[in-house]
Amino acid sequence: MATLADVARRAGVSTATASRIINNSPKPVGEALRRRVLAAVAELEFVPNANAQQLARAHRTAVGVIVHDVSDPYFAEITRGLQRVATDHGRLVIICNSYRDPERELAYVDLLHAHRTAAIVLAGSGYHDAPITARLDRKLRLYEGTGGRVAVIGRHEHAGDAVVPENEHGGYLAADALYRLGHTTIGVIAGPKHLTTTTDRLAGLRRAAREHGHRLTARHIEYAGFDRNGGMAAAGRLLDRNPSLTAIAALNDSMAVGALACLRERGVEVPGRVSLIGFDDMPISVDVTPPLSTVRLPLEEIGVRAMSLALREPDDEPRVEHAAAELVLRDSTAPPPGPAKGRRA
């Protein structure tokens with residue numbers, strides 16, 4: 001088993017310097033030196049002294065939250081829950097916006113590690129990028145090895161505490177509702193292709209299509225940014241390519257609002273000509289006309305549960321909690337026009 005002296009030798013520093021870095025001493029240390037010591041810790045699989053870890057944790061007052069974009073209503077609701085728990089525990093919350101840039105996310109983990117935060121919560125989706133996910137997992141394990149706590153929201157490759165929304169089941173609920181209404185030609189506005197959230201929600205829609213004897217082909221799917229403008233542009237492309245479609249499923253409510261704007265601009269009646277369903281049940285979904293049918297996720301509760309996990313002492317096994325998805329039907333969905341109308345779901 002590697003010792004502190006082994007780490008110091010590998011990094012080319014004194015044992016005192018190695019100890020300060022590993023145990024997050026408040027004494028300033030150069031960033032290059034810090035990276036060298038932490039690399040030696042990873043290479044030698046050094047396990048820090050438990051008493052030193054506890055001492056380091058005792059001085060940590062801040063927690064870090066890495067979100068894709070806090071201005072996105074999805075992350076705003078989750079962050080509200082995260083902050084509520086952190087405040088109740090007397091913790092300062094440092095919020096970092098990655099803007100769905102995985103390299104920036106990696107840099108934020110290093111920054112939060114350097115600032116000796118008590119915990120890091122990854123509130124954004126995982127990525128379909130093996131080198132990036134491996135690097136992220138390595139940095140998070142290194143952070144945990146020096147006393148930090150980690151919790152993630154969604155599907156990530158990091159083995160640890162997590163709150164996992166039922167994205168696949170939610171996608172299934174959305175498509176199943178449309179097929180039960182009698183729709184057979186459905187367009188999908190998906191989020192960015194490299195995000196696990198997009199993949200999972202789309203997998204649920206495809207499962208519902210199979211069960212109802214249909215297929216969602218590439219012709220009926222448009223990938224876009226998880227925002228209003230992305231949804232508006234994607235809806236236009238879907239309508240141009242599939243003029244006979246009678247329903248659109250958007251994989252978040254912001255994109256659904258954009259799709260609604262596109263349909264209104266083109267004079268397409270909702271739901272008389274095209275039904276529309278979103279995902280997440282953000283507050284805006286009830287304020288648009290017509291109010292959006294959607295799949296509800298308990299966003300604030302997800303944040304509460306994730307921060308609660310992050311601030312608890314670690315367990316022998318990772319704790320994984322699931323957040324249920326629930327179908328919410330409002331006025332934006334109805335049976336398709338014409339004689340083939342089905343019953344309301």
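One-based numbering along the sequence shown.
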Can Glu144 and His158 be said to form a side-chain hydrogen bond (donor to acceptor under 3.5 Å, both in side chains), step by step?
CA-CA 11 Å; Glu144 289 172 321; His158 181 69; 3.2 Å; yes

Would Ile248 and Ile186 satisfy side-chain contact (heavy atoms from CB on, under 4.5 Å), going step by step from the backbone distance to the final call?
CA-CA 6 Å; Ile248 294 176; Ile186 298 173; over 6 Å; no

Kindly indicate, with the supporting measurements, whether the criterion side-chain contact (heavy atoms from CB on, under 4.5 Å) is fulfilled by Cys262 and Leu239.
CA-CA 10 Å; Cys262 174; Leu239 291 168; 4.2 Å; yes

Please evaluate residues Thr246 and Thr185 with respect to the criterion side-chain hydrogen bond (donor to acceptor under 3.5 Å, both in side chains), reporting the C-alpha separation (whole Å), side-chain torsions for both, the decisive distance (0.1 Å), and the verdict.
CA-CA 6 Å; Thr246 61; Thr185 309; 5.6 Å; no

Would Arg206 and Tyr172 count as a side-chain contact (heavy atoms from CB on, under 4.5 Å) here? Give the steps.
CA-CA 7 Å; Arg206 287 191 166 116; Tyr172 173 86; over 6 Å; no

Hey, mind stepping through Val63 and Leu92 against side-chain contact (heavy atoms from CB on, under 4.5 Å) and telling me if it holds?
CA-CA 6 Å; Val63 292; Leu92 171 69; over 6 Å; no

Kindly determine whether Ser98 and Asp101 satisfy side-chain hydrogen bond (donor to acceptor under 3.5 Å, both in side chains), including the steps that lead there.
CA-CA 5 Å; Ser98 71; Asp101 178 351; over 6 Å; no

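Counting heavy atoms from C-beta on, the side chains of Glu77 and Ile302 never come closer than 4.5 Å. Two residues are said to be in side-chain contact when any heavy atoms from C-beta on lie closer than 4.5 Å; Thr146 and Leu142 fail this criterion. For the pair Asp72 and Asp227, the minimum side-chain heavy-atom distance is 4.5 Å or more. At least one side-chain heavy atom of Val286 sits under 4.5 Å from a side-chain heavy atom of Arg330. Side-chain contact between Glu105 and Tyr127 is present, with heavy atoms from C-beta onward closer than 4.5 Å. Ile189 places none of its side-chain heavy atoms less than 4.5 Å from the side chain of Met232. A heavy-atom distance below 4.5 Å is found between the side chains of Arg319 and Arg312. For the pair Val152 and Asp161, the minimum side-chain heavy-atom distance is 4.5 Å or more.
Note: Met255 CE to Phe226 CZ = 5.0 Å, rounded to the nearest 0.5 Å. In this structure, Met282 CE and Arg296 CZ are separated by 13.5 Å, a value rounded to the nearest 0.5 Å. Put simply, CZ on Arg91 and CG on Leu82 are 14.0 Å apart, with the number rounded to the nearest 0.5 Å. Annotation: the span from Leu173 atom CG to Leu178 atom CG amounts to 11.0 Å, rounded to 0.5 Å. A distance of 10.0 Å separates CG of Asp69 from OG1 of Thr79, quoted to the nearest 0.5 Å. Note that the OG1 atom of Thr197 and the CZ atom of Phe279 stand 9.0 Å from one another [nearest 0.5 Å].
Under the salt bridge (Lys or Arg N to Asp or Glu O under 4.0 Å) rule, Asp110 has a single partner from Lys139, Arg34, Arg135, which is Lys139. Among Ile277, Leu260, Asp280, the one residue that satisfies the side chain to side chain contact (heavy atoms under 4.5 Å, CB included) test with Asp253 is Asp280.
Aromatic ring pairs are classed by plane angle as parallel below 30°, tilted from 30° to 60° and perpendicular above 60°; the pair His113 and Tyr143 is perpendicular.
For Arg201 and Glu168, the salt-bridge test fails: no basic side-chain N is under 4.0 Å from an acidic carboxylate O. Salt bridge status for Asp200 with Arg155: present, with a side-chain N to carboxylate O gap under 4.0 Å. With respect to the salt-bridge test (charged N to carboxylate O, under 4.0 angstrom), the residues Arg180 and Asp176 qualify. Note on Glu222 versus Arg241: salt bridge recorded, some NZ/NE/NH1/NH2 to OD/OE distance being below 4.0 Å. Look at Arg141 and Asp137 and you find a salt bridge, because one of the NZ, NE, NH1 or NH2 atoms lies within 4.0 Å of a carboxylate O, short of that distance. For the pair Arg237 and Asp240, the salt-bridge criterion is not met [side-chain N within less than 4.0 Å of a carboxylate O].
A 6.0 Å sphere centred on CD of Glu31 holds more than 12 heavy atoms belonging to other residues, nucleotides or ligands. The number of heavy atoms from other shown groups lying within 6.0 Å of CD1 (Ile284) does not exceed 12. More than 12 heavy atoms of other residues, nucleotides or ligands lie within 6.0 Å of CD in Glu300, so this atom counts as buried by the packing criterion.
Between Tyr179 and His214, the distance from one ring center to the other falls under 6.0 angstrom.
A distance-only check finds no donor-acceptor pair linking the side chain of Thr87 to the backbone of Arg84 [under 3.5 Å]. Not one N or O on the side chain of Thr333 forms a donor-acceptor pair closer than 3.5 Å with the backbone of Leu276. Side-chain N or O atoms of Arg305 include one that pairs as donor or acceptor with a backbone N or O of His322 at under 3.5 Å. The closest donor-acceptor contact from the side chain of Asn242 to the backbone of Leu245 lies at 3.5 Å or more, if one exists at all. In this structure, the side chain of Ser308 engages the main chain of Val304 through a donor-acceptor pair within 3.5 Å. A donor-acceptor pair under 3.5 Å links the side-chain atoms of His156 to the main chain of Gly124, judged by distance alone. In this structure, Ser293 contributes its side chain and Leu329 its backbone to no donor-acceptor pair below 3.5 Å.
Hydrophobic clustering (side-chain heavy atoms under 4.5 Å, transitive across Ile, Leu, Val, Met, Phe, Trp, Tyr) keeps Val328 apart from Leu181. Using a 4.5 Å cut-off between side-chain heavy atoms of Ile, Leu, Val, Met, Phe, Trp and Tyr, with links allowed through other members, Leu106 and Leu140 fall into the same hydrophobic cluster. A continuous path of ILVMFWY side-chain contacts below 4.5 Å connects Leu33 to Leu44, so both sit in one hydrophobic cluster. Cluster membership check: Leu299 shares its hydrophobic cluster with Val70, using side-chain heavy-atom separations under 4.5 Å among Ile, Leu, Val, Met, Phe, Trp and Tyr. Phe75 is connected to Val93 through a chain of hydrophobic side-chain contacts under 4.5 Å among Ile, Leu, Val, Met, Phe, Trp and Tyr, so both are in one cluster.
Of all heavy-atom pairs between Leu112 and Thr117, the closest is O-OG1, 3.1 Å. Across all their heavy atoms, Pro337 and Gly272 have their closest contact at CB-O, 3.6 Å. Nearest heavy atom pair, residue Leu297 against residue Ala324, reads CD2-O, 3.9 Å. Here the closest non-hydrogen pair linking Ser332 and Val270 is O-CG1, 3.8 Å. Between Thr294 and Asp281, the shortest heavy-atom contact is OG1-N, 3.3 Å. When every heavy atom of Ala224 is checked against every heavy atom of Gly230, the shortest pair comes out as CB-O, 3.4 Å.
Side-chain atoms of Thr196 and Thr199 form no donor-acceptor pair, as typed in the model, at a separation below 3.5 Å. With hydrogens and angles left out, the side-chain atoms of Ser125 and His68 include no donor and acceptor closer than 3.5 Å.
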